[in-house]
Amino acid sequence: MSLGLHDTRLRRRRQFRWMIVKWLIALGAILGAGVFAYESGSTLAQREIAALRTEIDSLRAKVESLQRENTDLRADAILTERRLQEAEARYAKDVPRGRMAALLDQLKEKLAAGVTLERLEFLIAAADNPRTCSAEPATKRFIVQTPLTTGGNDSVSFADKRITITASGEPTVNAEGNREAWFDPAKPVTVH
């Protein structure tokens with residue numbers, strides 16, 4: 001019986017070893033499948049990361065391009081706004097309104113009626129507001145200076161002291177041949 005017991009033990013050992021080998025094979029297959037799945041997932045993730053990086057680079061380039069285009073469009077808009085303001089200012093300055101427009105219409109009517117342009121230019125140039133001068137002349141007295149005269153009242157001013165007049169002349173000679181302090185009206189007088 002010992003022979004049968006020994007066989008049973010051997011068989012059990014073989015069965016146990018075979019079971020351990022099966023478990024090791026199953027565990028190795030599971031571990032191999034896990035490693036394969038990890039490597040496959042890692043490879044797929046690397047590919048997806050590379051694709052996403054490429055897409056990010058592409059999107060960054062598009063964003064930079066759109067930002068440049070946006071900057072150019074803003075500059076164009078500012079330039080267009082300035083041009084519009086200049087055109088509006090020129091229009092407001094050059095296009096007559098109100099009474100000026102009516103005057104321009106009258107001018108066109110006169111030209112259409114046969115009045116020459118030179119005649120209209122002459123009439124416009126000759127037009128002036130009436131002067132408001134007083135009819136009374138302004139008169140003031142002062143002393144004509146001679147080499148013998150000293151003292152005040154030797155000048156007069158007009159137009160709120162914007163015009164000042166002085167005069168100098170030769171002294172009068174009396175019957176004895178002596179020079180007098182006043183000027184000789186028969187000789188030239190210098191007026192400044």
Side-chain angles (χ1 to χ4, degrees), residues 52-175 177-192:
L52 290 174
R53 284 188 178 152
T54 303
E55 187 177 350
I56 287 171
D57 291 341
S58 171
L59 291 175
R60 279 188 184 149
K62 283 182 182 179
V63 165
E64 289 174 2
S65 171
L66 289 173
Q67 285 175 341
R68 281 192 300 271
E69 185 178 340
N70 189 17
T71 303
D72 292 344
L73 288 173
R74 283 184 183 165
D76 288 345
I78 290 170
L79 184 62
T80 303
E81 182 67 28
R82 284 186 189 157
R83 286 182 183 161
L84 176 64
Q85 289 172 353
E86 289 172 0
E88 287 174 347
R90 276 195 318 270
Y91 180 81
K93 179 184 154 201
D94 294 342
V95 175
R97 281 182 243 136
R99 294 186 72 184
M100 287 296 292
L103 183 63
L104 185 62
D105 289 340
Q106 285 178 351
L107 221 109
K108 288 178 184 177
E109 288 173 8
K110 292 295 181 182
L111 285 172
V115 178
T116 65
L117 186 60
E118 291 80 18
R119 174 80 176 147
L120 291 173
E121 286 173 346
F122 171 76
L123 292 173
I124 290 172
D128 201 358
N129 288 329
R131 293 186 180 160
T132 55
C133 298
S134 64
E136 298 294 319
T139 58
K140 293 187 180 182
R141 294 183 67 160
F142 66 100
I143 297 172
V144 176
Q145 296 295 306
T146 65
L148 300 175
T149 309
T150 58
N153 203 15
D154 59 346
S155 65
V156 290
S157 295
F158 297 95
D160 296 325
K161 295 187 178 183
R162 287 181 285 192
I163 301 172
T164 302
I165 299 175
T166 60
S168 60
E170 293 292 322
T172 301
V173 179
N174 62 15
N178 295 329
R179 295 185 346 177
E180 305 243 345
W182 54 84
F183 79 99
D184 186 355
K187 292 188 179 173
V189 175
T190 305
V191 178
H192 299 281

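Here the structure is a predicted model, which means the values were calculated and not measured.
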State, with a plain yes or no, whether a side-chain heavy atom of Glu55 is found less than 4.5 Å away from one of Leu52. yes

All heavy atoms of Leu111 vs all of Thr116, minimum pair found to be CD2-C, 4.4 Å

How long is the gap from CZ on Arg90 to CZ on Arg83, to the nearest 0.5 Å? 10.5 Å

Donor-acceptor under 3.5 Å (Ser65 side chain, Ala61 main chain): no

What I'd like to find out is whether the side chain of Glu69 reaches to under 4.5 Å of the side chain of Asp72, using heavy atoms alone. no

Residue pair Met100, Leu104: steps toward the side-chain contact (heavy atoms from CB on, under 4.5 Å) verdict: CA-CA 6 Å; Met100 287 296 292; Leu104 185 62; over 6 Å; no

Tell me if a side-chain donor or acceptor on Arg179 pairs with a main-chain N or O of Glu170 at a distance below 3.5 Å. no

Donor-acceptor under 3.5 Å (Thr71 side chain, Gln67 main chain): yes

For Ser157, is there any backbone N or O sitting under 3.5 Å from a side-chain donor or acceptor partner on Lys140? yes

Taken to the nearest 0.5 Å, the spacing of Thr54 OG1 from Leu59 CG works out to 10.5 Å

Listed partners of Ser155 passing side chain to side chain donor-acceptor pair (under 3.5 Å), at least two apart: none

Any side-chain heavy-atom pair of Asp184 and Val173 under 4.5 Å: no

With a 4.5 Å cut-off on side-chain heavy atoms, are Ile124 and Glu121 touching? no

What distance separates Arg74 CZ from Glu81 CD, expressed to the nearest 0.5 Å? 15.0 Å

What distance separates Glu180 CD from Asn174 CG, expressed to the nearest 0.5 Å? 4.5 Å

